[in-house]
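Since we're looking at a predicted model, the values are computed, not measured.
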Number of protein chains: 2
Amino acid sequence: MSLIDRIKMLDEGVVGVRKLVPSVPTGVEMCRMLVLISESLQAELEHKLRPHKLNDSEFRTLITLFSRPDGTSTPGEVCLFTSLGTTNMTRIANALVKRGLITRGPSAEDRRRVVMQITPAGKRFVQKMLPTMFPRLKCIFEGFSKADRSSLNRLLRKLAHNLSQLEHTAGEPP
Amino acid sequence: MSLIDRIKMLDEGVVGVRKLVPSVPTGVEMCRMLVLISESLQAELEHKLRPHKLNDSEFRTLITLFSRPDGTSTPGEVCLFTSLGTTNMTRIANALVKRGLITRGPSAEDRRRVVMQITPAGKRFVQKMLPTMFPRLKCIFEGFSKADRSSLNRLLRKLAHNLSQLEHTAGEPP
DNA sequence: AATGCATATTTCACTGGTGAAATAAAATGA
DNA sequence: TCATTTTATTTCACCAGTGAAATATGCATT
């Protein structure tokens, strides 16, 4: 079942709900659609990663280290960049160490910390892996004009801004 | 850490990667941003649901039954509407039955099937629960003009369309 | 009616994410 | 300096999703 089919089912469902609760705001469809698109994007990425026996979390972690000038970071910092929980990072780092893509050791300056570093093998892996994803990524935005892209970018950031305001607001607005 | 902060970190990370792999297409940021927004939306929903001891999957299931004229469906059909796996549906239905929000029994026509039906208590729950979500939903689209909404809607559906084309394409395009 | 294929649901083993608590080291400050 | 608090990571117990296989029924063809 494809993404557009799932979206169609979603739209149908909302129609059914509106019959009983007409005050359902427009916007629910878009919210749910965003979630479905995100799931599809994730699935797409995992699909590309699977043959290499990496999952999304591990890849995000690896590429975060890759992105740093010195190739090093700490679990806590990587979590900031990847939006992963520190709890997971232990397991993820274990897996990447076992694969020989990163190393992990105690920090010299602050002995509470752990230093993670991407290995040459890890760098090579990212350098080789990344470009294979680009063609599909371009397909995703096939038919998007410059204006379309910049609209989408603007609107998503606006949405994100609103969501940030809302986050962890204990009481809901009246 | 708020969503916009997480997006900022993401943007920084991509900048770092581009220094080493300049051919990274524009669009990665938007894809990752979509995923982050989706996670935030999900978290927001789960947050509203938690006090009622329901999770998103259970709520989706319940509301799908709610949306049907006769309040009934089968596990397989509910999975089509909710994008949940049939495997999960067993556990989810168990939970909802235990809560008294749905009933479950064998189908008369086709004895392979199981019929799930929302109970009056389940209907009351949805009727009471749904409207409490509307104010926050409206906040999410605060400051969006009519044109903004329709642009976003159009662009998301276009994106979904492209993603559908891509889905399960064994080989990547050259 | 008997065989084989298709459909619907469930079970099971495994993977991945999460909050609370444990551990350990640094920072603060009376 | 010694007690307290804060920061960083890990461990643990639990919850949720998944693919493969099991189970059971229906359907079709001979």
Quick one, A/Leu65 and A/Leu101 - any side-chain contact, counting heavy atoms below 4.5 Å? no
Please examine the side chains of A/Arg60 and A/Ser83, heavy atoms only from C-beta on, and report whether any two atoms are closer than 4.5 Å. yes
Nucleotide [N], atom [atom2] - distance to [atom1] of [X] in whole Å:
X        : N      : atom1 : atom2 : answer
B/Gln42  : C/dG17 : CD    : P     : 15 Å
B/Glu109 : D/dC27 : CD    : C1'   : 16 Å
B/Asn88  : C/dG16 : CG    : P     : 16 Å
A/Glu46  : C/dT15 : CD    : P     : 14 Å

State whether the distance check finds a donor on one side and an acceptor on the other, under 3.5 Å, for side chain A/Arg91 versus base C/dG16. no
If you assign each of A/Ser83 and A/Arg111 to its closest nucleotide in DNA chain C, which residue comes earlier from the 5' end? A/Ser83
If only atom types and distance count, is the side chain of [X] paired as donor or acceptor with the main-chain N or O of [Y] below 3.5 Å?
X        : Y        : answer
A/Ser38  : A/Leu34  : no
B/Asn153 : B/Ser150 : no
A/Arg32  : A/Val14  : no

Qualifying salt bridge (Lys or Arg N to Asp or Glu O under 4.0 Å) pairs, either residue in residues 1-10 of chain A, two or more places apart: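 Listed by first then second residue: nothing to list.
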Stretch residues 51-63 of chain A: residues that reach within less than 4.0 Å of DNA chain C through a heavy atom: A/Asn55, A/Ser57
Are the charged groups of A/Arg157 and B/Glu29 less than 4.0 angstrom apart, N to O? no
Quick test of your reading of the model: are B/Glu77 and B/Arg113 salt-bridged, counting only N-O distances below 4.0 Å? no
Quick tally for nucleotides 4-11 of chain C: nucleotides whose base has a protein heavy atom under 4.0 Å get B, sugar-phosphate-only ones S, the rest -, giving ---BSSBB
